[in-house]
Amino acid sequence: MSELDAGAISASLGEPALRRLERLEAFAEIGSTNSYLMHGEPPATGRFRVALTDNQTAGRGRHGRTWRSPPGTGICLSVAYTFAAQPRNLPALTLAAGLGLIDALERLGISGIALKWPNDLVAGDGKLGGILTESHTLGGSAILVVSGVGLNVKLPDDFDLGAGAERAQPVCDLASLSSDPPSANAIAAGLVDGLCGVFVDYETNGFAAYVGRWRERDWLRGRELRVDTRQRLLSGVAAGVADDGALLVKVDDGAVHRVTSGTVTVADAHGTKP
């Protein structure tokens, strides 16, 4: 039985999010919260719809990977928002969403979280969660954007990533970061507040309002890595992010390359090259 209660979560939302909320649904089980919102009726312009569960059976990560979330071990949550027109630099919205989620967790007393470009929440060297943002155009200039979050709350000791899983690095959970973690409903409400705030702000300010803070949370910066862009493999050292959110990679000859899409592999804790 799910611990998530739609009524309790809605009642815990801040006034700005509650005022724009069109519908919030909590499922005992669902294939994918992102897919549900992407294929459902979009919210009105400037409004939100939310779908969440602690038992997602067909979760998706980037590039077609799977996101495993065994029943009761985490929160899978998606927020759909209809923009009146496509915001500037839509791809970087995922980066801004990461900051909104960190802010939400810190308000709940959970600290020590960083961001791994482009879509991971990291604590220590373990993956705490991931973000998947999708969109499609509606009538006129309107565009529907759905950002989904998978967050590990309490994983079993014998948790198996499985073949093809999204998580290619060690994982961690909120239980390892807090001796007295908030309830699942409180966490879910906080995440919704965080994402809703980012959507509204991004519509006006774009990524410019987030780039400085993102650099402060940049887990990759200074690490040796390899990036597979599907067109080429690029090896070097992470040199931060550009003003538009692109990953900067410094290679052996000193040149700095921009990466706007790709899969990042990092040297492990023992210094082994990826």
Side-chain angles (χ1 to χ4, degrees), residues 1-61 67-83 93 97-98 100-110 121 128-135 138 144-155 173-175 178 180-201:
M1 182 176 179
S2 174
E3 295 182 22
L4 297 171
D5 181 270
I9 295 167
S10 296
S12 299
L13 294 177
E15 191 277 333
L18 191 59
R19 177 163 37 89
R20 292 175 177 265
L21 179 65
E22 194 167 280
R23 186 171 66 199
L24 187 151
E25 298 173 277
F27 296 91
E29 179 181 297
I30 192 172
S32 164
T33 55
N34 255 40
S35 294
Y36 176 77
L37 292 177
M38 283 291 291
H39 296 119
E41 182 181 353
T45 302
R47 303 290 297 278
F48 303 97
R49 290 191 177 183
V50 180
L52 66 158
T53 187
D54 58 7
N55 185 11
Q56 182 170 254
T57 61
R60 295 178 290 113
W67 175 271
R68 295 198 60 232
S69 182
T73 63
I75 295 174
C76 298
L77 178 154
S78 297
V79 174
Y81 181 76
T82 299
F83 289 89
L93 176 60
L101 296 172
I102 286 180
D103 290 345
L105 292 171
E106 288 188 338
R107 287 192 290 268
L108 293 170
I110 301 168
L121 302 174
L128 178 66
I131 307 164
L132 177 66
T133 299
E134 302 176 288
S135 65
L138 303 172
L144 173 70
V145 176
V146 178
S147 280
V149 181
L151 185 72
N152 303 323
V153 176
K154 185 171 177 56
L155 295 173
D173 55 21
L174 291 183
S178 173
D180 185 24
S183 70
N185 287 328
I187 295 168
L191 298 180
V192 172
D193 275 335
L195 284 176
C196 290
V198 168
F199 279 129
V200 173
D201 183 68

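Below, each value reflects all heavy atoms present in this structure, side chains not excepted, and no hydrogens, waters or symmetry copies. Not measured: the values here are computed from a predicted model.
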Quiz item: Which is it for Leu151 and Leu128 under the side chain to side chain contact (heavy atoms under 4.5 Å, CB included) test, yes or no, and what are the steps along the way?
Solution: CA-CA 6 Å; Leu151 185 72; Leu128 178 66; 3.8 Å; yes

Self-check item: Check against side chain to side chain contact (heavy atoms under 4.5 Å, CB included), Tyr81 and Arg49
Solution: CA-CA 7 Å; Tyr81 181 76; Arg49 290 191 177 183; over 6 Å; no

Practice problem: Under the side chain to side chain contact (heavy atoms under 4.5 Å, CB included) rule, what do Val50 and Glu25 come out as? Steps first, then yes or no, please. | Solution: CA-CA 6 Å; Val50 180; Glu25 298 173 277; over 6 Å; no

Quiz item: After noting the C-alpha distance and the side-chain angles of Thr45 and Thr82, does the key distance pass the side chain to side chain donor-acceptor pair (under 3.5 Å) rule?
Solution: CA-CA 5 Å; Thr45 302; Thr82 299; 5.8 Å; no

Self-check item: side chain to side chain contact (heavy atoms under 4.5 Å, CB included) between Leu191 and Leu105, intermediate numbers included
Solution: CA-CA 7 Å; Leu191 298 180; Leu105 292 171; 4.3 Å; yes

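Pairing each heavy atom of Thr133 with each of Ser147, the nearest pair is OG1-OG, 2.8 Å. Pairing each heavy atom of Pro182 with each of Ile187, the nearest pair is O-CD1, 3.7 Å. Nearest approach of Gly190 to Ala104, heavy atoms of both residues: O-CB, 3.1 Å. Nearest heavy atoms, Leu121 versus Gly98: CD2-O, 4.0 Å. The two atoms that bring Ser135 and Val145 nearest to each other are CB-CG2, 4.0 Å, heavy atoms only. Glu22 and Pro43 get closest at one heavy-atom pair: OE2-CA, 3.2 Å.
A heavy-atom distance below 4.5 Å is not found between the side chains of Val198 and Leu101. Using a 4.5 Å cut-off on side-chain heavy atoms (C-beta onward), Leu4 and Leu52 make contact. Side chains of Leu174 and Lys154 form no contact here, defined as non-hydrogen atoms less than 4.5 Å apart. Looking at Val79 and Cys196, their side chains come closer than 4.5 Å, going by heavy atoms from C-beta outward. Gln56 has its side chain within reach of Ser32: a pair of non-hydrogen atoms, C-beta onward, lies under 4.5 Å apart. Residues Ile30 and Asn55 have side chains not in contact (no heavy-atom distance under 4.5 Å, counting atoms from C-beta outward). Side-chain contact between Leu195 and Ser78: absent, with no pair of heavy atoms (C-beta onward) separated by less than 4.5 Å. Looking only at side-chain heavy atoms (C-beta outward), Val192 and Leu13 come within less than 4.5 Å of each other.
Every side-chain contact (heavy atoms from CB on, under 4.5 Å) that Ala51 has, sequence neighbours left out, goes to Phe27, Thr33, Tyr36, Leu37.
Remark: the backbone N or O of Gly74 is not paired with any side-chain donor or acceptor of Asn152 at under 3.5 angstrom. Within the 3.5 Å criterion, the main-chain N or O of Gly148 finds a donor-acceptor partner in the side chain of Asn34. Side-chain N or O atoms of Arg47 include one that pairs as donor or acceptor with a backbone N or O of Leu21 at under 3.5 Å. At least one donor-acceptor pair under 3.5 Å links the side chain of Asp173 to the backbone N or O of Leu155.
In this structure, a donor-acceptor pair under 3.5 Å is absent between the side chains of Asn185 and Glu3.
Using the six-membered ring where Trp is involved, Phe199 and Phe48 have ring planes that are tilted, between 30° and 60° apart.
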